[in-house]
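Please read the structure below before turning to the comments.
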Amino acid sequence: MTSTEPRVRPAASPRTKSARAIERAGAVIEIDLDAIALNWRKLSERVSHAARCAAVVKADAYGLGMDKVAPVLARAGCKTFFVASLEEGLALRALLPRAQIAVLNGLIMGTPADFAKGALLPILNDLGQVKQWQTYAARRGGTPAMLHLDTGMSRLGLSPGEIRQLAAQTAPLSGFTTSLIISHLACANEPAHPMNIEQLDRFRAALRKLPKTHASLAASSGIFLGADFHFDMVRAGAALYGINPSPGRPNPMKQVVQLKAKILQVRDVDRGESVGYGAAHRMDRPGRIATIAMGYADGWLRSSGHRGTARIAGKPAPVIGQISMDLVTLDVTGIDPEAVRPGAYADLLDERYGVDDAALAAQTIGYEILTSLGRRCGRVYRGGAT
Ligand SMILES: *Cc1c(COP(=O)(O)O)cnc(C)c1O
């Protein structure tokens, strides 16, 4: 011990502890909370002539951390939040005492009292749930709920037959306040798809038959189908987190996530040598391989083997061979060896190569990339102060 070191070590603050954990992590995911707030404001302004923008924060805010993301959105001005499960709703209620919180998966997730206790709005998905809520709410002065109509997903919500049955009742939806009637588009990411107009027509027709209240049809991509799709509220998830809501056109959203992984080892390989499991890649020339601390257990999907690129010091380093549980191999032939050192980072997601690019390489969608990422990664949040 040198004399400059304090005799009694101060207890490590959570901050320094987490800083050390970040240094030790093989991979680090950086989440820009200001970019999420900016994306919300952008969407909000886009629909502001008629509609409010709600935030969908299910699945831990698409894997990015609901506890960090939701308060930032609330401070940006978001008043309504959608989650999938009752548990997610209760966790969100603890974070946001005053927000309107709706549970997409419906009343089946718990008892009416469970929902009421958290001041959560169930989204009633069938006539049985409507009946159950009416019975409960009647005794409590009309506790509000939302209603989901299925207009073409055959997934959740009242079926066309049930909508007819409901509309035929003398006092449909009596006994409680229906805060919002929602439906969900199947093909909103394909603007020219005929389903969009079909679902819009079916939704309008159903709304005409039911007591007048607020309505919501569009999620992220639906917002970009035009004002007809906006109704009173839009429900944005993916676009908040930087996923392109208008595929095939430039992404109007700001990138939110950066991901970098440590280089563990670098080696020269000869022509004819194989790389990784199954000897699935064989070098057709001598080259250099960098092995990085990222794998399918970290959410770098196995389906992206042989595809996509990382960047090291700004230079592209193509993925070669299969993705292992904890490792990815990159071809770094031709990149300055000074930059490709064990301990240095390879960038996997950044401004230039975003979640949608990684999704293309893995033959999936950005949603799956985000929700898969990072149980083992270090996590750094930027911004979100105001
Ligand atoms: C997940 C979900 C959304 C959000 O969709 P994004 O495409 O992520 O914007 C909206 N509405 C419903 C019913 C959903 O299930």
Side-chain angles (χ1 to χ4, degrees), residues 36 39-40 42-44 46-47 51-64 66 69-70 73 78 80-86 88-89 92 100-109 120-126 129 145-158 179-191 193 195-196 199-200 202-203 214-225 229-247 251-254 256-257 354-356 359 364-373:
I36 295 176
N39 286 338
W40 182 83
K42 247 188 207 176
L43 297 173
S44 220
R46 205 182 166 96
V47 302
R52 289 198 349 210
C53 184
V56 182
V57 293
K58 62 195 180 189
D60 201 23
Y62 292 44
L64 300 183
M66 183 177 75
V69 168
L73 287 166
C78 183
T80 301
F81 293 80
F82 289 86
V83 294
S85 73
L86 177 64
E88 290 174 347
L92 183 56
Q100 183 180 53
I101 302 172
V103 177
L104 290 162
N105 286 359
L107 193 49
I108 196 86
M109 303 298 287
L120 305 174
L121 288 82
I123 302 190
L124 308 173
N125 282 322
D126 62 36
Q129 292 180 19
M146 294 185 184
L147 187 70
H148 189 159
L149 308 179
D150 174 22
T151 56
M153 290 281 277
S154 305
R155 204 178 63 163
L156 282 180
L158 272 68
S179 305
L180 190 73
I181 298 183
I182 75 162
S183 191
H184 195 51
L185 296 167
C187 307
N189 59 342
E190 300 172 62
H193 202 292
M195 271 298 275
N196 294 320
Q199 287 194 266
L200 177 64
R202 281 181 215 150
F203 190 49
H214 294 300
S216 171
L217 180 61
S220 294
S221 290
I223 294 170
F224 293 81
L225 295 178
F229 289 81
H230 295 167
F231 291 87
D232 303 299
M233 185 177 284
V234 297
R235 312 180 304 271
L240 295 176
Y241 312 118
I243 292 172
N244 188 354
S246 52
N251 190 352
M253 312 319 298
K254 191 164 160 46
V256 166
V257 171
V355 174
D356 292 302
T364 181
I365 53 176
Y367 299 64
E368 192 178 28
I369 298 290
L370 282 188
T371 54
S372 303
L373 272 182

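Numbering of ligands and ligand atoms starts at 1, following listing order. Predicted model only: the values in this text are computed from it and were never measured.
Judged by distance alone, with hydrogens and angles left aside, the side-chain atoms of S220 form no donor-acceptor pair with the main-chain N or O of A236 at under 3.5 Å. Looking at N251, its side chain never comes within 3.5 Å of a backbone N or O of A239 through a donor-acceptor pair. Judged by distance alone, the side chain of Q199 and the main-chain N or O of H184 form a donor-acceptor pair under 3.5 Å. With N196 contributing its side chain and E190 its backbone, the two residues share a donor-acceptor pair below 3.5 Å.
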Show the short N or O contacts, below 3.5 Å, that ligand 1 makes with protein N or O atoms; if there are none, say 'none'.
residue: ligand 1; atom: 7 (O); partner: Y367; partner atom: OH; Å: 2.6
residue: ligand 1; atom: 8 (O); partner: Y62; partner atom: OH; Å: 2.5
residue: ligand 1; atom: 8 (O); partner: A238; partner atom: N; Å: 2.7
residue: ligand 1; atom: 9 (O); partner: S220; partner atom: N; Å: 2.9
residue: ligand 1; atom: 9 (O); partner: S220; partner atom: OG; Å: 2.5
residue: ligand 1; atom: 9 (O); partner: G237; partner atom: N; Å: 2.8
residue: ligand 1; atom: 9 (O); partner: A238; partner atom: N; Å: 3.4
residue: ligand 1; atom: 11 (N); partner: H184; partner atom: ND1; Å: 3.4
residue: ligand 1; atom: 11 (N); partner: R235; partner atom: NE; Å: 2.9
residue: ligand 1; atom: 11 (N); partner: R235; partner atom: NH2; Å: 3.2
residue: ligand 1; atom: 15 (O); partner: K58; partner atom: NZ; Å: 2.8

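Under the rule for a side chain to side chain donor-acceptor pair (under 3.5 Å), the partners of R52 that lie at least two apart in sequence or sit in another chain are T80.
Side chains of R46 and H230: no donor on one and acceptor on the other come within 3.5 Å.
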